[in-house]
Amino acid sequence: MSEPILESTGHLLIDDFIDHEECRTLLGQIRDYRTHSDLLEINRPMKGRSLRYSVIDGEEIRANLPSIWELYRGAAKDLVNELTGLSLEPLLNIRAGVNVNVMPPGRSEYRWHYDRTAITAILYLNQVEGGETELYPNYRILLKGNQQHSRLQLTLDGVLRLAVVRRLFGKRKVVEPRPGRLVVMRANRCWHSVREVQGSEDRINVILAYDAPGARFEVEDDLDSYLYTQETPKSKDPNYAP
Ligand SMILES: O=C(O)CCC(=O)C(=O)O
Ligand SMILES: [Fe+2]
C-alpha cells in the first residue's frame with residue numbers, strides 16, 4: 001500500500017483518471033438521461049458566491065446511469081483507498097454519495113462550503129470556460145467526534161471564513177475543469193467552491209463521496225433537502241446542525 005500522502009497535502013490532482021473517450025461515453029449517457037428526465041435545479045442565494053446548479057442525485061444514478069454507479073463503487077473507491085491508506089466505503093446515503101453536477105453557463109456557481117464526508121473525489125467530464133474549483137486543502141480546524149457540531153466548531157469555522165484569515169493562513173488552489181481530471185480531497189477539512197461558469201457549454205462533473213463504513217452525519221436531513229430538493233431550508237447554512 002502506498003503512503004497516505006493525502007493526509008499531509010489534503011488534496012491530490014490526477015489527470016487522465018479516465019480517458020477522453022470514456023468521458024465522451026459518460027457525457028453521452030448523461031445526455032440520453034436528460035432527454036427523458038428533467039434535471040433538478042437548485043438555487044440558494046448567498047452573500048458572496050451562491051449555490052446555483054442542477055444535479056442528478058445518487059438514487060437516479062443507481063437507477064439510470066450504471067457506468068457512473070460502477071465507477072463510484074469500483075475504480076474510484078479503490079483509488080481513494082490506495083491514496084488514503086484507509087478502507088473507506090460509498091455512503092449509506094445513496095442520494096448524497098454520488099452526484100452528477102450540471103452547471104449551465106451564465107449564472108451557475110457553487111457556494112463556499114465543506115462537504116460532510118471524509119473524502120470526496122471530483123471527476124470532470126469536460127472543459128469549459130470558467131467554472132474552476134477553488135480549494136483551501138486541510139484548512140479547517142476540525143474538532144473530534146461529537147464536537148463537530150458544537151458551538152466551538154461553529155466559532156472556529158466562522159473565524160476561518162474571514163477573508164483576512166484566509167489570506168494569512170490559507171493556501172488557495174485553483175483547478176480548471178479538464179476531461180478525465182480527478183481531484184481527491186479531504187472534503188470535510190477542505191473549504192471549496194466553484195467559480196461562475198462562462199462560455200457556451202454546460203460544465204458537467206461527477207462527485208464521488210466516501211467515508212468510514214456505516215458513517216452517519218448529524219446534518220444529513222437538512223443538508224439533503226438543501227442540496228437535492230427545492231424546499232425552503234430550515235436553516236440558513238445546513239452544513240451545520242442548528
Ligand atoms: O463541482 C465542483 O467542482 C465541486 C462541487 C462540490 O463541491 C460539491 O458538489 O460538493
Ligand atoms: Fe463540495
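Please read these numbers as outputs of a predicted model, since none were measured by experiment. Residue numbers count from 1 along this sequence. First listed ligand is number 1; within each ligand, the first listed atom is number 1.
The atoms of ligand 1 that sit less than 4.0 Å from any heavy atom of N205 are 1 (O), 2 (C), 3 (O). The ligand atoms of ligand 1 that sit less than 4.0 angstrom from a heavy atom of V194 are 1 (O), 2 (C), 3 (O), 4 (C). Every atom of ligand 1 is numbered from 1 in the order shown, and the set under 4.0 Å from a heavy atom of N101 is 1 (O), 5 (C), 9 (O). Of all the atoms in ligand 1, the ones that sit under 4.0 Å from a non-hydrogen atom of T133 are 2 (C), 3 (O). Near H192, meaning under 4.0 Å from any of its heavy atoms, are these atoms of ligand 1: 7 (O).
Using a 30° and 60° split on the angle between ring planes, H36 and Y33 fall in the perpendicular class, above 60°. Under the 30°/60° scheme for interplanar angles, the aromatic rings of W112 and W191 are found to lie parallel.
Every residue two or more places apart in sequence or in another chain that forms a side-chain hydrogen bond (donor to acceptor under 3.5 Å, both in side chains) with R172 is listed here: E134. Residues satisfying the ring-ring contact (aromatic ring centres under 6.0 Å, His included) test with H11, not counting sequence neighbours, are none. Not a single side chain to side chain contact (heavy atoms under 4.5 Å, CB included) links D32 to another residue, sequence neighbours left out.
Under the 3.5 Å distance criterion, with hydrogens and angles disregarded, a donor-acceptor pair is assigned to the side chains of N99 and Y228. Using modelled atom types and a 3.5 Å distance limit, the side chains of Y124 and T133 yield a donor-acceptor pair.
Annotation: E7, atom CD; neighbour count of heavy atoms from other residues, nucleotides and ligands within 6.0 Å does not exceed 12.
In the hydrophobic clustering of this structure, I30 groups with L182; members are Ile, Leu, Val, Met, Phe, Trp, Tyr whose side-chain heavy atoms approach within less than 4.5 Å, directly or through other members.
At a heavy-atom cutoff of 4.0 Å, ligand 1 is contacted by the side chain of H113 but not by its backbone. Of all the heavy atoms of D115, the ones lying under 4.0 Å from any atom of ligand 1 belong exclusively to the side chain.
For the Fe ion (ligand 2), the nearby protein N/O/S atoms, meaning those under 2.8 Å, are H113 NE2, D115 OD1, H192 NE2.
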